[in-house]
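By convention in this document, chain letters (A, B, ...) are assigned in the order of the sequence lines, proteins followed by strands, and residues within each chain are numbered from 1.
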Amino acid sequence: MGINPYTPYPVTIKRVVVENEDKDIKSFELVFTNPEHEKAFNYLPGQFAEISVWGYGECPIGMASSPTEKGILRFTVKKTGGVVTTALHNLQPGRQIGVRGPLGNSYPVNEIKGKNIFIIGGGFAFTTLRSLLTYLIHPDNRNNYADITVIYGARSPGELIYKDEIALWQQRDDLNVYITVDKADEHWDGLEGFVPTIAEQVIKSWDNGVAFVCGPPIMIKFTIPVLLKAGFPPELIYTSLEMRMKCGIGKCGRCNIGPKYVCKHGPIFTFAELQQLPSEY
Amino acid sequence: MSIEQNIREISRKLLSDGVVDLIIGYGQGTLPYATTPVFIRNADDVEQLIWNPCCTNNLALYVRRELEQANKKKDARPLKIGVVTKKCDAKAMVELIRENQLKRESIVVIAVPCSGMLDKAKLHKRAGDRELLRVEVSGSEVILAGRGFEIKVNRDEVLRDNCLVCKDPESLPIADEIVVEKDDYKKPYVEDDFSDVKEHEKLSPQERWAVFRAEFENCIRCYACRNACPMCYCSECFAECSQPRWLGGSVELKDVLFFQIVRVLHQAGRCVDCGACAAACPMDLDIRKYTRKLNYDALNIFRFETGVSPDDKPLLATFSIDDTQEFITEPE
Amino acid sequence: MKLIKKNRLKDFLNTLMNYYDVFAPVLKHKKIRFQKISTPEEVILEYSNTHNKPTELFFPQCEVLFEVDLKENIPEQPPKPDKPVIVFGIRPCDARSLQILDKVFHWDGVDDPYYFARRNNAILIVMGCTEPRSTCFCTSVGSGPMDHNGADLFLTELPEAYAIEPVSEKGKAVFEQVNDLLEDATEGELKSLAELTRRAEQMIDSEVNLNGLSDKLRGMFDHPVWDEFHLSCIGCGTCTYLCPTCHCFDILDEKKGNYVRRIRFWDCCMYPYFTLQSSGHNPRPTQKQRVRQRVMHKFQYFVENFGEIACVGCGRCILNCPVNLDIRSILKRLMEVKG
Ligand SMILES: Cc1cc2nc3c(=O)[nH]c(=O)nc-3n(C[C@H](O)[C@H](O)[C@H](O)COP(=O)(O)OP(=O)(O)OC[C@H]3O[C@@H](n4cnc5c(N)ncnc54)[C@H](O)[C@@H]3O)c2cc1C
Ligand code: SF4
Ligand code: SF4
Ligand code: SF4
Ligand code: SF4
Ligand code: SF4
Ligand code: FES
């Protein structure tokens, strides 16, 4: 971050990808206007940034790209009907917007070296997990980690995001990839069932693993017991939390859950940490 | 027996007979000129209820809120609330009934003969803005005391302005249980000729703007005026609506002006002149000036007065072919 | 320590105004609040405390973060103050509240440049409280009417003069600038100062014992006592907008033609929209939760993060809450219930 933590770096939208059938999830690939800014924007998977659309404001979005992907920054944004996400969805490549960050903590990519990795995601919340996965399987990093298992599900086949990449992941022999949908359609020949159910079938024991779980609250609620039953210690189950945010730097006072500020102490928390927090999120 | 004891007695009976589930009234405050709204569910707690000339808050807003929240729960029988009610609270409840925000049968009105409420700002002014440690009312006198001073002031002179123009405060438009005890002080009644409004209307637009500006450049947009008002009950207020965003975020005049004007306009034919907004304003701004202008228009143009009968339709929901149309201005 | 005779206070202020922009308590539309003065006559000296919080001088209710010309799309920053500022007559509690804000605005070394541009540019001349209000409870939160903490210079009103003590390096420099106007104190005046100091602390009659409160609160999030306080609360922002330690804000873009300005302005945890998420989910949907947030933030969360209570006992929230929901009553109740 620069001297002024409130001023964004100017970036240009290079490419926009519509990710789902409902067309309300788009990925934005951004390039920094100033190469110096790109250098300064030093991030790790799990962190987020405040995206500015001039005249509409800012909103926090997790980085979907990995720092190993040089030259671009990717965000996957769901149009909620709110002010900023709607404005962003109306923008075409070539337009300038702002990015302020990186903000928050990250997934513990160094601490988990040597471990078996379980990446469990649901819906469009797979964004920072994509960043993590891309980071872990980068040739420079892959050997630092043992087995990597990915369980990812969506409501329907049309709602799965990153479909092209999923196909590539499925072809790799150093990844165990399970893609599921709540409800299949006539073209779907993959798994059918909720993420927690698939997780229960796949994950039998802890086995020196560490789990990263992101998705709708209901999915998280039912996945965590599966992991605990398999023997995962609560300190090795990670999730990313969401609270309404503005400043992203622990000053505007709105994103706290008890004494913890999601923008500063989070957004990544372990289940053990969550157990210490009031259930006000 | 005092009014206060009378209120407690009625409340005790209502609660112990199971007529109501909850009594909303006034309890002891921590400042000499303040009371605080209390919520009593147990007959043994009625001693917390008090009555004095500092019962300024309009309780109708709590009645509406409690009923709304209770109705959200599917279970149980409908909540019934006993309300310690002075005339302006009754008028507000009448308006809320007319706007389908309250059911008459959900409330038991404990009608209290009010003799006017003290104006906090006037008290402070009379005490030379020194800290008030004691405010004692006896008959037509109010004793104001603080560190090193004690003065007596005429009670008539420290009543709220809206209390002065409040007619027959003993007779409420809705009442179920009547507090028969009376205060030995009778508040003055001043026929409301809206002379203040008329004076203001005489000013040029520039002068009116200057008056408005001088007042509202001090607004801190805390929304106490809105939140204290029984008639401001929208679940989404335009002030917070983000799509479209009507209002900027600043305390620059463009925003406070817009906030106040729209808030006031939304009171057209609805404001009961209870003074709760003005009493709540931490900056002592003269908010009432503008709601009164609308009340005057409602009366003057449509012969309409708020808070009279729960059976009539609200002003904005009525149309008559004879309505004057002076306010419709032709494009030039 | 030296004295400035009351009849020379005008010269004192005039001297300061030569070097500084001087902010002092003035009467602004029925209320006393801090404003930049242009003559010493504007200054109100008989005031228990200002109605509005003086922290608004450093963290104003609304400010422009930057402006963007859409054609150029490079955020620019607003100009910074250049003349140094003196805040004359700020009370000890409020001076302490600035130290509390310093912590938030410097959390983990991330400085808020807007706040610190003003903060570092200002010198605080604190006026001790010889006549505390009945709602002041500064002594309960680790301070007192003669607390020098946070002051650059400390003034105490004596019968005929003000005792003036430099506290910080910055204060010493000012002390030198006004040296010509100062006199040495006589034995009698020294005694009177000591006496007044003692008396002021005794005059605080509003004591709330907060020993161990924050530890106790840690386990009390789900305590039934939280059902007791919020019923009368109408969720206005008065208690936080007047509170000198409240620092919550919102950020918004405003657009006019090709011109966009990003502003920030106070916000408040007592409002339902404060935590409302775009999906419609609200983690604090009820007033009970919001009242709990306000109390917990000041007396538990802040202690956890910064090691001290985020309330300086100024009493503004007590004096101005439209329903007289008194923070002292809440605190007493929290202390007395079984945790
Ligand atoms: C750490 C983090 C990472 C996120 N990552 C993603 C992501 O990768 N993709 C994605 O689509 N969404 C993500 N979100 C959610 C996203 O921030 C909201 O959907 C977005 O703020 C809505 O903005 P809006 O202006 O369209 O909505 P409005 O309803 O108009 O909201 C106004 C403002 O309130 C704040 N706000 C509202 N809802 C939220 C919320 N749920 N979380 C945080 N701030 C909010 C924002 O500042 C927003 O601009 C993330 C949220 C957080 C906290
Ligand atoms: S606008 Fe003011 S006077 Fe009118 S009903 Fe509301 S609170 Fe009462
Ligand atoms: S109560 Fe007063 S200060 Fe607050 S928003 Fe209303 S007019 Fe403004
Ligand atoms: S909480 Fe109240 S008493 Fe404490 S600092 Fe804030 S306004 Fe003052
Ligand atoms: S969370 Fe509430 S109490 Fe705490 S600083 Fe913000 S507005 Fe004040
Ligand atoms: S000032 Fe009083 S009524 Fe308003 S939000 Fe604060 S506690 Fe509630
Ligand atoms: S977003 Fe401002 S404190 Fe977390």
Side-chain angles (χ1 to χ4, degrees), chain A residues 1-12 33-34 50 52-59 78-87 95-98 100 103 216-217 241-261 264-265 276-281, chain C residues 65-66 68-70 72-77 101 104-108 110-115 218 221-222 240 246-256 258-262 264 267-269 273-284 289 292-293 296-297 300-305:
Chain A
M1 242 181 307
I3 317 255
N4 186 338
Y6 294 98
T7 45
Y9 299 127
V11 292
T12 306
T33 311
N34 179 340
E50 287 279 350
S52 281
V53 185
W54 307 124
Y56 296 88
E58 282 187 317
C59 70
K78 185 180 166 80
K79 179 166 137 182
T80 62
V83 178
V84 185
T85 55
T86 305
R95 283 293 292 272
Q96 288 219 316
I97 59 173
R100 181 163 70 85
L103 303 167
L241 292 187
E242 204 174 309
M243 284 291 271
R244 185 177 171 118
M245 288 185 183
K246 284 292 167 178
C247 70
I249 49 174
K251 316 233 183 278
C252 78
R254 76 184 59 241
C255 70
N256 69 302
I257 304 170
K260 299 290 178 205
Y261 286 72
K264 219 192 75 69
H265 299 109
Q276 301 298 314
L277 292 181
S279 57
E280 206 173 55
Y281 51 90
Chain C
L65 291 178
F66 53 79
V68 189
D69 186 334
L70 286 184
E72 306 202 353
N73 190 10
I74 304 297
E76 290 164 33
Q77 283 177 46
L101 291 190
V104 179
F105 287 130
H106 180 69
W107 204 1
D108 277 354
V110 181
D111 275 349
D112 187 292
Y114 305 90
Y115 173 82
R218 192 177 299 139
F221 190 85
D222 293 313
T240 68
C246 275
H247 57 79
C248 288
F249 60 83
D250 196 351
I251 300 178
L252 196 72
D253 274 17
E254 293 185 348
K255 194 172 159 188
K256 205 172 180 188
N258 270 331
Y259 214 58
V260 170
R261 58 171 205 169
R262 180 158 297 166
R264 75 160 165 198
D267 200 350
C268 140
C269 63
Y273 289 83
F274 192 63
T275 47
L276 181 67
Q277 295 180 8
S278 201
S279 59
H281 171 63
N282 193 342
R284 282 185 222 129
Q289 291 168 298
R292 178 174 57 195
Q293 160 68 15
M296 283 293 242
H297 178 237
Q300 209 283 312
Y301 307 157
F302 205 87
V303 180
E304 197 115 317
N305 286 318

Given heavy-atom pairs under 4.5 angstrom as the criterion, report whether the side chain, backbone, both or neither of [X] touches chain A.
| X | answer |
| --- | --- |
| C:R261 | neither |
| C:D222 | neither |
| C:S279 | neither |
| C:N305 | side chain |

Which atoms of [X] approach chain C - backbone, side chain, both or neither, heavy atom under 4.5 Å:
| X | answer |
| --- | --- |
| A:V84 | neither |
| A:K264 | side chain |
| A:C247 | both |

Top contributor to chain A contacts, counting heavy-atom pairs under 4.5 Å, from [options]:
| options | answer |
| --- | --- |
| C:F105, C:Y115, C:F221 | C:F221 |
| C:D111, C:L252, C:L101, C:V260 | C:V260 |
| C:R218, C:R284, C:E304 | C:R284 |
| C:H297, C:Q293, C:Q300 | C:Q293 |

Roughly how far, to the nearest 0.5 Å, is [atom2] of [Y] from [atom1] of [X]?
| X | Y | atom1 | atom2 | result |
| --- | --- | --- | --- | --- |
| C:N282 | A:R244 | CG | CZ | 9.0 Å |
| A:N256 | C:T275 | CG | OG1 | 9.5 Å |
| C:L65 | A:T7 | CG | OG1 | 9.5 Å |
| A:Y56 | C:K255 | OH | NZ | 4.5 Å |

Could you have a look at A:C252, A:G253, A:P217 and say which one has the most heavy-atom pairs with chain C under 4.5 angstrom? A:C252
All side chain to side chain contact (heavy atoms under 4.5 Å, CB included) counterparts of A:T80, not counting sequence neighbours: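 Scan of A:T80 (side chain to side chain contact (heavy atoms under 4.5 Å, CB included), adjacent residues dropped) gives A:T85, C:S278.
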Heavy-atom donor-acceptor pair, C:D250 side chain to A:K246 backbone, under 3.5 Å: no
Taking C:Q277 for its side chain and A:E242 for its backbone only, find out whether a donor-acceptor pair lies under 3.5 Å.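 Judged by distance alone, yes, a pair lies under 3.5 Å.
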Non-hydrogen side-chain atoms of [X] and [Y] separated by less than 4.5 Å:
| X | Y | value |
| --- | --- | --- |
| A:Y6 | C:R262 | no |
| A:K251 | C:H247 | no |
| C:Y114 | A:N4 | yes |

Heavy-atom count around C:F249 CZ within 6.0 Å, excluding the residue itself: above 12?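 Enclosed: over 12 neighbouring heavy atoms sit under 6.0 Å from CZ of C:F249.
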A:K260 meets the salt bridge (Lys or Arg N to Asp or Glu O under 4.0 Å) criterion, sequence neighbours left out, with none
List the atom of [X], the atom of [Y], and the distance in Å for their closest heavy-atom pair.
| X | Y | value |
| --- | --- | --- |
| C:W107 | A:G250 | CE3-O, 3.3 Å |
| A:V53 | C:D253 | O-OD2, 3.6 Å |
| A:P259 | C:Y301 | N-CD2, 3.5 Å |

